[in-house]
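Notes for the one structure printed next.
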Amino acid sequence: MEPFTEKVVRLLKAVPPGRIATYGQIARLAGSPRGARQVARILHSMSRSHGIPWQRIVNAKGEIAIADPDTARAQADLLEAEGIPVLGGKRVDLRTYRWDPGFEGEEETPGPGSL
DNA sequence: CGAATGACAATGT
DNA sequence: TACATTGCCATTC
C-alpha cells in the first residue's frame with residue numbers, strides 16, 4: 001500500500017458519522033493539497049470491498065460527485081441515514097456538516113454578516 | 001519509464 | 001450564481 005493511499009484511507013475512516021468531508025480536505029490532510037482527484041480515485045478503487053465510508057466524501061461544492069446515478073442516490077440515502085439532509089437529492093450543507101479535524105466540537109460559522 | 005486517466009479544485013466569464 | 005476551462009498529481013496501462 002502506497003503511503004499516500006494509506007493516509008487517505010485512514011483519514012476517510014477517521015471521518016465521524018453525521019459529518020462530511022471534501023476531497024480537497026482529505027487530500028490536504030493526506031499531504032497533497034492538490035491531490036483531490038487521487039482521493040476520488042482511491043474511493044472508487046478501495047470502496048469496492050473495503051470498510052471505507054465513501055458516502056461521507058463529497059466535492060468542494062458539497063455535492064455528490066459520483067457519475068453513476070444509482071450509486072449517487074445510494075450515497076444520498078446513506079447520508080440521510082447518518083442524519084445529513086441531502087438538498088435537491090444531491091447537495092448537503094457543507095457549512096453545517098463539514099468535518100473539522102481537531103475542532104469537532106466547534107460550531108457556528110462567521111458567515112457574510114461579519115463585514 | 002512515458003502517456004493517459006480521473007467519485008476534484010480553483011479561477012474566469 | 002452558474003457554466004466553462006485549466007491546473008494537478010498519484011495511480012494505471
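Just so we're on the same page: letters track the sequence lines, and every chain starts at 1.
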| For the student: nearest non-hydrogen atoms of Val86(A) and Glu80(A), plus distance | CG2-CG, 3.7 Å
| said: Keeping Asn59(A) on the side-chain end and Glu63(A) on the backbone end, is there a donor-acceptor pair under 3.5 Å? | reply: yes
| message | Under a 3.5 Å distance rule, please check whether Asp68(A) uses its side chain to pair with a backbone N or O of Asp70(A) as donor and acceptor. | response | no
Side-chain touch [X]/[Y], heavy atoms, less than 4.5 angstrom:
X        : Y        : value
Arg56(A) : Ile84(A) : no
Ile66(A) : Trp54(A) : yes
Val9(A)  : His50(A) : no

| message | Show me the dot-bracket string of DNA chain B, counting Watson-Crick or G-U pairs under 3.5 Å, with | for pairs to another strand and [ ] for crossing ones. | response | .|||||.||||||
| Step-by-step side chain to side chain contact (heavy atoms under 4.5 Å, CB included) determination, Arg37(A) to Arg41(A) | CA-CA 6 Å; Arg37(A) 315 188 62 188; Arg41(A) 178 175 291 279; over 6 Å; no
| said: Just to verify, what does Leu29(A) make a side chain to side chain contact (heavy atoms under 4.5 Å, CB included) with, not counting sequence neighbours? | reply: Leu11(A), Gln25(A), Trp99(A), Pro101(A)
| said: Protein within reach of the bases, or only the backbone? For nucleotides 6-13 of chain B, mark each nucleotide 5' to 3' as B, S or -, using heavy atoms under 4.0 Å. | reply: BBBS----
| Between Ser32(A) and Arg91(A), which has a closest nucleotide on DNA chain C that is more 5'? | Arg91(A)
| note | In whole angstroms, the gap separating C1' of dT12(C) from CZ of Phe4(A) amounts to 15 Å
